[in-house]
Visitor: 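The structure that follows is given in the form of structure tokens.
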2 protein chains.
Amino acid sequence: MPKDRDTEARILAAARTVFIRRGTSGARLQEIAAEAGVNQALVHYYFGSKDDLAERVFIEAAQTLVPAFAPIPVPGMVFEDLITAFVQGYIDAVRQAPFIPGYVLSEATHHPERLETLMRTAIGTVPREVAARTFPIVERMIAERVAQGTLRPMNVQQLLVNVMALSVFPFVARPMLAAAFGFDDESFHAFLDERREDLPRFIINALRP
Amino acid sequence: MPKDRDTEARILAAARTVFIRRGTSGARLQEIAAEAGVNQALVHYYFGSKDDLAERVFIEAAQTLVPAFAPIPVPGMVFEDLITAFVQGYIDAVRQAPFIPGYVLSEATHHPERLETLMRTAIGTVPREVAARTFPIVERMIAERVAQGTLRPMNVQQLLVNVMALSVFPFVARPMLAAAFGFDDESFHAFLDERREDLPRFIINALRP
DNA sequence: GTCTATATCCAGATAGAC
DNA sequence: GTCTATCTGGATATAGAC
């Protein structure tokens, strides 16, 4: 079915760029074709309709967001290290493709049906399984420490949202932050560097009894 | 220039609804007209082009996000109360219009030029003035407490981003959270209720020395 | 001020030559 | 497999009647 692998890859890469830049509705097939250096008809030839292509790009983008959550595996790790690994791993990963989170969140609100498709995907179910496995582990981890008196009680769901919020928000809100704080590329990255170091302590402190 | 005030208001309200629901590019003037119970030609009659209307809706939405930051005024308030007031005030405010933050952030990334327009607006400059006034106050507040040894040193910019992130993120990521945690409307609001109570303590704890 | 009808444009999609 | 040319539909926008 895939004809020329290279062309296909170039179009797909261009599609990612354009869909992420403009959003699904704002994207134009013409712009994708130009970015890929091919004719617009080729886009259809390789990927069918715009909607097909958009869905594919979204699913893939949403998936790249998930592995970032993977560093959860907990061998004999203490809670503090887990938090640090998660936060720093996440920031490092997202930095490689800083517009993915905003794109995924925005698409998820405008096209909720895509989320359903994602969830039915084989890979889409992974996060739920990961969550089902790691949630209890983290909960036990916290419970033990709470019993020891070295951690205060905390709802794990709320904690997870806190950690994600603190890690992801700067990327999603980047244009606003840039406008508010006068960030350019350099100062934004300096801000992230500082954040990468500060966040783990912030979170760990918050959980002291 | 405004002809019939009521019709104008109905169209504008409809425009808000549709633009926020679909995003600027995804919105259709026909849907706005239908939602307002008027003909599509009237939309042009009152607001000119789609782009004009979109910009107006965005500017207004971005502004409603700002007053939420206003509860910053600090009379003889202690730092802990400031954090609590901010977080709870913000959550309460955004709950009234829970899709505003996602819409504003998404538009800000897809149409950065709108941000510039916003910043040149009279009201657009308010946040910067507010920030210019309150930043030093908060900085002094923290510095005193740090000197006292009752607060650990903390970059105010990072702190502000942390507070915003923790408050705003659940709304922006609502569809993802709903999919991940199986939230419906009711459990999502229960989650917010809990959050409203937990967050201030989380943040305040994080700042203990 | 509000409508119907229509013009204009542009994007997605297909046909068919090479 | 890749292109040019073209069709079709839909969306913004305008003209003009009421």
Side-chain angles (χ1 to χ4, degrees), chain A residues 1-61 103 106-107 109-111 113-114 117, chain B residues 1-61 103 106-107 109-111 113-114 117:
Chain A
M1 192 64 92
K3 340 276 156 139
D4 180 311
R5 280 313 193 66
D6 176 61
T7 308
E8 190 186 28
R10 270 185 11 252
I11 295 177
L12 187 56
R16 272 194 278 270
T17 306
V18 173
F19 277 123
I20 289 171
R21 185 190 303 151
R22 311 266 184 223
T24 295
S25 330
R28 299 291 163 243
L29 291 186
Q30 171 49 35
E31 191 176 359
I32 294 175
E35 184 101 12
V38 301
N39 186 278
Q40 183 183 334
L42 263 201
V43 179
H44 283 103
Y45 178 74
Y46 277 95
F47 295 96
S49 72
K50 172 185 176 177
D51 212 59
D52 292 342
L53 183 51
E55 174 156 330
R56 166 139 179 200
V57 167
F58 171 73
I59 303 270
E60 290 188 10
Y103 163 73
S106 164
E107 287 304 307
T109 72
H110 293 320
H111 306 276
E113 73 281 3
R114 296 250 156 83
T117 312
Chain B
M1 192 66 92
K3 343 273 155 140
D4 182 310
R5 280 311 192 71
D6 176 60
T7 308
E8 189 185 30
R10 273 189 6 257
I11 296 178
L12 187 55
R16 273 192 278 268
T17 307
V18 174
F19 277 122
I20 289 170
R21 184 191 302 150
R22 310 268 184 221
T24 297
S25 331
R28 299 291 163 243
L29 290 185
Q30 171 48 35
E31 191 176 359
I32 293 174
E35 182 101 12
V38 301
N39 187 278
Q40 183 182 334
L42 263 202
V43 179
H44 284 103
Y45 178 73
Y46 277 96
F47 295 97
S49 73
K50 173 185 176 179
D51 211 61
D52 292 343
L53 183 52
E55 174 156 330
R56 168 141 176 196
V57 168
F58 171 72
I59 302 270
E60 289 187 11
Y103 163 74
S106 163
E107 288 303 308
T109 73
H110 293 321
H111 306 276
E113 72 282 4
R114 296 250 155 82
T117 312

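Quick note: numbers below take in every heavy atom, side chains included, and nothing from hydrogens, waters or symmetry partners. Proteins come first, then strands; the chains are lettered A, B, ... in the order of their sequence lines, and each starts at number 1.
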Visitor: Which nucleotide, dC3(D), dT2(C), dG12(C), lies nearest any side-chain atom of T7(B)?
Guide: dT2(C)
Visitor: Expressed in angstrom and rounded to an integer, what is the separation of D52(B) atom CG from dA13(D) atom C1'?
Guide: 12 Å
Visitor: Output every pair passing salt bridge (charged side-chain N to carboxylate O under 4.0 Å, His left out) with a member in residues 40-53 of chain B, not counting sequence neighbours, ordered by first then second residue.
Guide: D51(B)-R114(B)
Visitor: K50(B) NZ to dT14(D) P: how many Å, rounded?
Guide: 15 Å
Visitor: Using whole Å, report how far OH of Y45(B) lies from C1' of dC3(C).
Guide: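 So the two atoms are 13 Å apart, to the nearest Å.
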Visitor: Only one of D4(A), L12(A), L53(A) passes side-chain contact (heavy atoms from CB on, under 4.5 Å) with Y46(A); say which it is.
Guide: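 Only one option passes, and that is D4(A).
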Visitor: What residue among R16(A), R22(A), R10(A), R21(A) forms salt bridge (Lys or Arg N to Asp or Glu O under 4.0 Å) with E35(A)?
Guide: R21(A)
Visitor: Could you measure the distance from the CD1 atom of I11(A) to the OH atom of Y45(A)? Nearest 0.5 Å is fine.
Guide: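 It comes to 10.5 Å.
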Visitor: When you measure from every atom of DNA chain C, which of residues 31-41 of chain A have a heavy atom less than 4.0 Å away?
Guide: Q40(A), A41(A)
Visitor: What's the CG-P distance between L29(A) and dC7(D), to the nearest Å?
Guide: 20 Å
Visitor: Can you find a heavy atom in the side chain of H110(A) that is under 4.5 Å from one in the side chain of T24(A)?
Guide: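 The answer is no; the side chains never approach within 4.5 Å.
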Visitor: Let me know the distance between CD of Q30(B) and P of dA11(D), rounded to the nearest Å.
Guide: 9 Å
Visitor: Using the side-chain heavy atoms of H44(A), tell me which of these nucleotides is nearest: dC3(C), dT12(D), dA13(C).
Guide: dA13(C)
Visitor: Begin with the C-alpha distance, continue with both residues' side-chain angles, and end with the deciding distance and a verdict on side-chain contact (heavy atoms from CB on, under 4.5 Å) for H111(B) and F58(B).
Guide: CA-CA 10 Å; H111(B) 306 276; F58(B) 171 72; over 6 Å; no
Visitor: Check the distance between dA15(D)'s P and L42(B)'s CG and give it to me in whole angstrom.
Guide: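 It is 16 Å, rounded to the nearest whole Å.
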Visitor: Figure out the CG/C1' separation between L53(A) and dA11(C), and round it to whole Å.
Guide: 15 Å
Visitor: How many whole angstroms separate atom CZ of R22(B) from atom C1' of dA11(D)?
Guide: 15 Å
